[in-house]
Amino acid sequence: MAQTYDLTQGKPTKLILKFFFPMFFTNMLQQIYTIADTAIVGKGLGDNQLAAVGNMSSLTFLIIGFSIGLTNGFSIITAQYYGAEDRKSLRRSIASAIMLAIGISAFLTVFSIVFLKQILILMQTPNDIITDSLKYGYIIFGGLAANISYNLCSSILRALGDSKTPFYAIIVSTILNILFDSLCIFVFKTGVEGPAMVTVLAQLISAFICFTKLRKIELIQLKLSDFSNNLKMILILLKNGIPMAVMNSITAVGCMTVQYFVNGMGVVYTSAYSACSKYINLFMQPACTAGYTMSSFTSQNYGAKKYDRIISGLKICMSIALISYVILGSVMILFSKTLASLMLNGNEQINLASGFLVKCGFMIFAVDFLFVVRSGCQGMGKPMLPMVSGILEMVLRILIIALFTSKIGFDATAYAEIAAWSGALILNASAFAYHIKKETYTKKVPMITSGLKYRSSHNG
């Protein structure tokens, strides 16, 4: 029988680190692949093709980020039922999530393919890269089902305390990605469509590996009855998943607006911004992983009503985020030009990207801490305030980029990121402090200490 991992028992530090590192390596491998993919495209095909692929980043985040938000929101409910030892609801939550994922996958695939060209035109995509952007986008969105399948399976595994299986899946897919990307571009001369097809194939393989592990977990062996009369459960999942999905999409709209202004500056700026975005995503991964860890740890302990352990988890995950900032922020500041030159060819692009990395390197702690406190709110089943913070991020990005692009040029992109991170951090930190205080001190049910095991009366 495959094993699940209870995060409501034992020393929080040991449990969190055991959960964190496999997921950290998973996320880093994904980002390393993205960096390698960008470098292969940039060096193998040129800065224009790099700009075409990079131009799709914010749009991809809009569509895929929406599905990731939904599946992560679903898995928080699953983790809460697991922590409460409510086996019947646990199985029904997974069954309902599967049904929702199928419907969402079909809708998003059709929507993204039908409206792709119109959206790229609205984003002021330069004429000399729009054809490659379309080639890349049609393949990525056509294979959206593979991406959603992986995200659903991996989020369920994390809800059950298993962060190792997604790591093993990504090891396999990353190796295949880098190998076949190189073959497609340098040997078969496929253009941008080659890396796009390889990405979809890798996601499909990752989903299969995670699904295979899920089938072996006896605790969640689903029956036909788990799929019937699930309207109430579906509504519970949507109530938690939709705000998280909307939060991701709202954030993506802000990023797309920034991309719109960058595209208006010309291809040189588009390619520089593409490289910067890849590095920001890479260097925020340790803190992002700490956030995912905080979400799973909080969800299980919230279900078990062990609020003191949630506070312990916050301290540990914030420490991880702080260490990440000190190390990786320093790398961004001290080696900015070297990092930029790894992806870009032109001196102007390299100088633009270097300046962006230095500015964001000083302030990346804001987004590092944001990941942790926002995930804590989500883990307690409070997704609305993080969604509101997503709106705040969007507004701040749009305001800064719209007001200052004409005055300071490309530098406005860095200040837009910094403002969005800082505003969202303040809001989410305040929300987390309010909710944990409310749960700990004002609930009428007695707080259950970390030495006891909460058991639901609904064990199915």
Side-chain angles (χ1 to χ4, degrees), residues 5-24 27 72-73 75-77 79-80 82-84 158-159 161 163 240 243-244 247 284-327 364-390 421-443 447-452 454:
Y5 301 90
D6 188 350
L7 302 177
T8 67
Q9 299 270 22
K11 294 182 178 180
T13 301
K14 181 178 179 181
L15 289 169
I16 284 175
L17 292 179
K18 185 177 180 180
F19 187 90
F20 169 83
F21 280 109
M23 189 161 53
F24 168 66
N27 290 342
N72 286 343
S75 69
I76 284 172
I77 301 301
Q80 290 179 355
Y82 178 69
R158 288 196 300 269
S163 59
N240 203 66
M244 292 178 64
M247 180 194 74
M284 65 173 57
Q285 282 311 304
C288 180
T289 306
Y292 280 124
T293 304
M294 182 68 186
S295 178
S296 296
F297 188 82
T298 300
S299 300
Q300 286 196 20
N301 283 284
Y302 189 81
K305 300 188 182 296
K306 296 184 177 180
Y307 308 123
D308 56 332
R309 290 176 64 85
I310 295 175
I311 297 173
S312 297
L314 174 70
K315 294 176 181 177
I316 298 163
C317 291
M318 288 292 276
S319 298
I320 294 171
L322 178 60
I323 294 169
S324 170
Y325 165 65
V326 171
I327 296 174
I364 199 171
F365 73 86
V367 74
D368 288 347
F369 294 161
L370 169 62
F371 281 124
V372 176
V373 293
R374 184 170 62 194
S375 297
C377 292
Q378 293 166 341
M380 289 188 286
K382 314 293 182 184
M384 292 304 296
L385 275 169
M387 185 187 77
V388 172
S389 81
W421 299 339
S422 302
L425 172 62
I426 293 169
L427 184 59
N428 279 277
S430 301
F432 180 88
Y434 170 78
H435 284 297
I436 195 65
K437 183 178 180 180
K438 180 181 178 182
E439 296 291 356
T440 303
Y441 297 110
T442 65
K443 270 201 174 262
M447 187 178 76
I448 299 173
T449 62
S450 59
L452 300 177
Y454 170 78

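Below, all heavy atoms of this structure are taken into account, side chains as well, without hydrogens, waters or symmetry copies.
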Item checked: Minimum-distance pair of heavy atoms, taken over all atoms of Ala431 and Leu385 -> CB-CD1, 3.3 Å
Note to self: Determine whether a donor-acceptor pair (N or O, by modelled atom type, separation under 3.5 Å) exists between the side chain of Ser324 and the backbone of Ile320.
What the structure shows: no
Note to self: So, applying side chain to side chain donor-acceptor pair (under 3.5 Å) with Asn301, which one of Lys306, Gln80, Arg309 is it?
What the structure shows: Arg309
Check: side-chain contact (heavy atoms from CB on, under 4.5 Å) between Ser296 and Leu7: does it pass, once the steps are laid out?
Finding: CA-CA 8 Å; Ser296 296; Leu7 302 177; 4.2 Å; yes
Next item on the list: Compare every heavy atom of Cys317 with every heavy atom of Ile16, then report the nearest pair and how far apart it is.
Entry: CG2-SG, 4.2 Å
Note to self: Does any part of the side chain of Ser375, heavy atoms only, come nearer than 4.5 Å to the side chain of Thr298, both counted from C-beta?
What the structure shows: no
Item checked: Atom pair OH (Tyr292) and CZ (Arg158), whose distance is rounded to the nearest 0.5 Å -> 6.0 Å
Checklist line | Check: Pro12 and Ile316 side chains under 4.5 Å, non-hydrogen atoms | finding: yes
Margin query: Set out, in order, the CA-CA distance, both residues' side-chain angles and the distance that settles side-chain contact (heavy atoms from CB on, under 4.5 Å) for Met294 and Phe432, then state yes or no.
Written below: CA-CA 12 Å; Met294 182 68 186; Phe432 180 88; 4.0 Å; yes
Margin query: Tell me whether the rings of Phe24 and Phe21 are parallel (<30°), tilted (30 to 60°) or perpendicular (>60°).
Written below: perpendicular
Check: To the nearest 0.5 Å, what is the distance between CG (Leu370) and CD1 (Ile364)?
Finding: 11.5 Å
Checklist line | Closest approach of Gly303 to Ala84 (non-hydrogen atoms, all atoms of both residues) | finding: O-CB, 3.5 Å
Next item on the list: Please round to the nearest 0.5 Å and tell me the distance separating atom CG of Asn240 and atom NZ of Lys382.
Entry: 10.5 Å
Note to self: Distance check, rounded to the nearest 0.5 Å: Thr8 atom OG1 versus Lys305 atom NZ?
What the structure shows: 13.5 Å
Note to self: For Gly291, is there any backbone N or O sitting under 3.5 Å from a side-chain donor or acceptor partner on Arg374?
What the structure shows: no
Note to self: Looking at Gln300 and Ala159, would you say the former's side chain and the latter's main chain have a donor-acceptor pair under 3.5 Å?
What the structure shows: yes
Item checked: Separation between OG of Ser299 and CD of Gln378, rounded to the nearest 0.5 Å -> 9.0 Å
Next item on the list: Working to the nearest 0.5 Å, report the span between CD of Gln285 and CE of Met23.
Entry: 10.5 Å
Checklist line | Non-hydrogen side-chain atoms of Asp6 and Tyr82 separated by less than 4.5 Å | finding: yes
Notebook entry, point to check: Any idea which heavy atoms bring Ala321 and Val372 closest together, and the distance?
Noted result: CB-CG2, 4.2 Å
Item checked: Heavy-atom pair of closest approach, residues Trp421 and Ala366 -> CB-CB, 3.8 Å
Next item on the list: Could you tell me whether a side-chain N or O of Ser163 sits under 3.5 Å from a main-chain N or O of Phe19, the two making a donor and an acceptor?
Entry: yes
Next item on the list: Check whether any side-chain heavy atom of Val373 sits under 4.5 Å from a side-chain heavy atom of Phe369, and report yes or no.
Entry: no
Checklist line | Smallest separation among heavy atoms of Pro383 and Met244, with atom names | finding: CB-CG, 4.1 Å
